[in-house]
Amino acid sequence: MTAQIIDGKILSQQVRQEAAEEVAKLVAAGMPRPGLATVLVGENPASKSYVGSKQKACAELGMESYGFHLPETATQSEVEGLVAELNADPRVNGILVQLPLPGGLIEEDVLKKISLEKDVDGFHPINIGRLAQKGRD
């Protein structure tokens, strides 16, 4: 088997183009724009940058982006409550909780609250298990 060099930038552009076309088809068919909700807790500069790049990507693809920024002092129940609200929001198709969360918050408990269908990172424990099964039931 011969190794093949993959140009990540070209591949990324192709995937984004295909995604933008699919979004346009959905909207043209009268469906609502897909929406991504991002949850950022605190002021971590790297996390802010990452979340900003996801919001920018949504705009480029024609998707909705719903950004939620909680203070570093947010409680576990406040973060989990926001996730519950986003799970129930029909405009939100995917939820991304930016990690790491500030000290004192239990990341696993927050991730468990994300609906399996809206877990874009695949960090819910059940989705991690599914990934480990490599497509097996």
Side-chain angles (χ1 to χ4, degrees):
M1 176 187 248
T2 305
Q4 180 180 3
I5 297 174
I6 298 172
D7 186 325
K9 287 187 177 186
I10 290 174
L11 184 59
S12 173
Q13 289 170 347
Q14 290 171 343
V15 169
R16 285 179 183 240
Q17 180 62 38
E18 290 171 11
E21 290 170 4
E22 289 299 316
V23 169
K25 286 180 190 175
L26 286 173
V27 173
M31 302 293 293
R33 290 184 187 283
L36 173 68
T38 56
V39 177
L40 176 63
V41 183
E43 301 298 327
N44 181 308
S47 292
K48 286 172 116 174
S49 176
Y50 183 79
V51 166
S53 72
K54 297 304 156 207
Q55 292 168 338
K56 180 181 174 188
C58 284
E60 291 171 357
L61 299 177
M63 295 174 56
E64 298 291 343
S65 176
Y66 307 104
F68 297 87
H69 189 171
L70 299 174
E72 189 147 346
T73 57
T75 66
Q76 187 79 27
S77 64
E78 288 172 327
V79 178
E80 290 181 13
L82 174 57
V83 169
E85 289 175 22
L86 297 173
N87 281 333
D89 188 337
R91 301 171 305 151
V92 174
N93 302 100
I95 301 169
L96 183 153
V97 175
Q98 181 59 41
L99 303 179
L101 294 174
L105 296 177
I106 303 168
E107 291 178 354
E108 184 176 354
D109 288 351
V110 172
L111 297 174
K112 284 180 185 176
K113 298 292 183 189
I114 300 173
S115 164
L116 292 175
E117 295 79 17
K118 294 186 179 189
D119 177 21
V120 298
D121 280 327
F123 287 162
H124 187 286
I126 290 176
N127 284 336
I128 288 174
R130 287 176 173 165
L131 180 62
Q133 290 179 321
K134 299 179 184 174
R136 296 184 301 261
D137 290 334

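As the structure is a computational prediction, the values presented were derived from the model and not from experiment.
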Chemist: Is there a side-chain contact between Tyr66 and Leu86, using heavy atoms and a 4.5 Å cut-off?
Modeler: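 Answer no - side chains too far apart.
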Chemist: Evaluate the side-chain proximity of Val97 to Phe123: yes if any heavy-atom separation is below 4.5 Å, no if none is.
Modeler: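 They are not in side-chain contact.
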Chemist: Taking all non-hydrogen atoms of both residues into account, name the closest pair between Ser65 and Cys58 and its distance.
Modeler: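 Closest heavy-atom pair between Ser65 and Cys58: CB-CB, 3.9 Å.
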Chemist: For a 4.5 angstrom cut-off between non-hydrogen side-chain atoms, does Ser115 reach Ile95?
Modeler: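 No, side chains not in contact.
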Chemist: Are Asp121 and Ile114 side-chain neighbours, meaning at least one heavy-atom pair lies under 4.5 Å?
Modeler: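 SC-SC contact between Asp121 and Ile114 ruled out.
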Chemist: Between Gln76 and Ile106, is there a donor-acceptor pair closer than 3.5 Å when you use the side chain of the first and the backbone of the second?
Modeler: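 Yes.
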Chemist: Looking only at non-hydrogen atoms, find the nearest pair between Asn127 and Gly122 and report the distance.
Modeler: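 That closest heavy-atom pairing would be CB-O, 3.8 Å.
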Chemist: Hey, can you pull the donor-acceptor pairs under 3.5 Å for the side chains in residues 48-56, sequence neighbours left out?
Modeler:
from: Lys48; atom 1: NZ; to: Glu43; atom 2: OE1; distance (Å): 2.7
from: Ser53; atom 1: OG; to: Tyr50; atom 2: O; distance (Å): 2.6
from: Gln55; atom 1: NE2; to: Thr38; atom 2: OG1; distance (Å): 3.2

Chemist: Ser47 versus Pro100: any side-chain heavy-atom pair under 4.5 Å?
Modeler: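 The answer is yes; the side chains approach within 4.5 Å.
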Chemist: Can you pull out every side-chain hydrogen bond (donor to acceptor under 3.5 Å, both in side chains) where at least one residue sits in residues 83-108? Sequence neighbours excluded, please.
Modeler: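 Listed once each, the pairs are Asp89-Arg91.
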Chemist: Could you report the tightest heavy-atom contact between Gly62 and Val23, atom names first, then the distance?
Modeler: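 In this case the closest contact between Gly62 and Val23 is O-CG1, 3.5 Å.
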Chemist: For the atom pair NZ (Lys118) and CG (Leu96), what is the distance rounded to the nearest 0.5 Å?
Modeler: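 The NZ atom of Lys118 sits 14.0 Å away from the CG atom of Leu96.
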Chemist: Distance-only, no hydrogens or angles: does the His69 side chain make a donor-acceptor pair with backbone N or O of Val39 under 3.5 Å?
Modeler: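 No, His69 side chain to Val39 backbone: no donor-acceptor pair under 3.5 Å.
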Chemist: Give the minimum heavy-atom separation between Val92 and Ala37, together with the two atoms involved.
Modeler: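 Looks like CG1-CB, 3.8 Å.
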Chemist: Are Leu82 and Val110 grouped together when hydrophobic residues (ILVMFWY) are joined by side-chain heavy atoms under 4.5 angstrom apart?
Modeler: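 They do share one cluster, since a chain of ILVMFWY contacts under 4.5 Å joins Leu82 to Val110.
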Chemist: If I take atom CG from residue Asp7 and atom CD from residue Gln14, how far apart are they, to the nearest 0.5 angstrom?
Modeler: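 Between atom CG of Asp7 and atom CD of Gln14 there are 9.0 Å.
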Chemist: Should Leu111 and Leu105 be counted in the same cluster of Ile, Leu, Val, Met, Phe, Trp and Tyr side chains packed under 4.5 Å apart?
Modeler: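 Linked within one cluster.
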Chemist: Looking at Ala74 and Val79, what are the two nearest heavy atoms and their distance?
Modeler: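 Here Ala74 and Val79 meet closest at CB-CG2, 4.1 Å.
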Chemist: CG/Leu61 to CD/Glu21 distance, rounded to the nearest 0.5 angstrom?
Modeler: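 Going from CG on Leu61 over to CD on Glu21, the span is 11.0 Å.
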Chemist: May I ask whether Val120 and Phe68 are part of the same hydrophobic cluster, defined by side-chain heavy atoms of I, L, V, M, F, W, Y residues being less than 4.5 angstrom apart, directly or through others?
Modeler: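 They do not share one cluster, since no chain of ILVMFWY contacts under 4.5 Å joins Val120 to Phe68.
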Chemist: When rounded to the nearest 0.5 angstrom, what distance separates NZ in Lys113 from CD in Glu80?
Modeler: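 Lys113 NZ to Glu80 CD: 5.0 Å, rounded to 0.5 Å.
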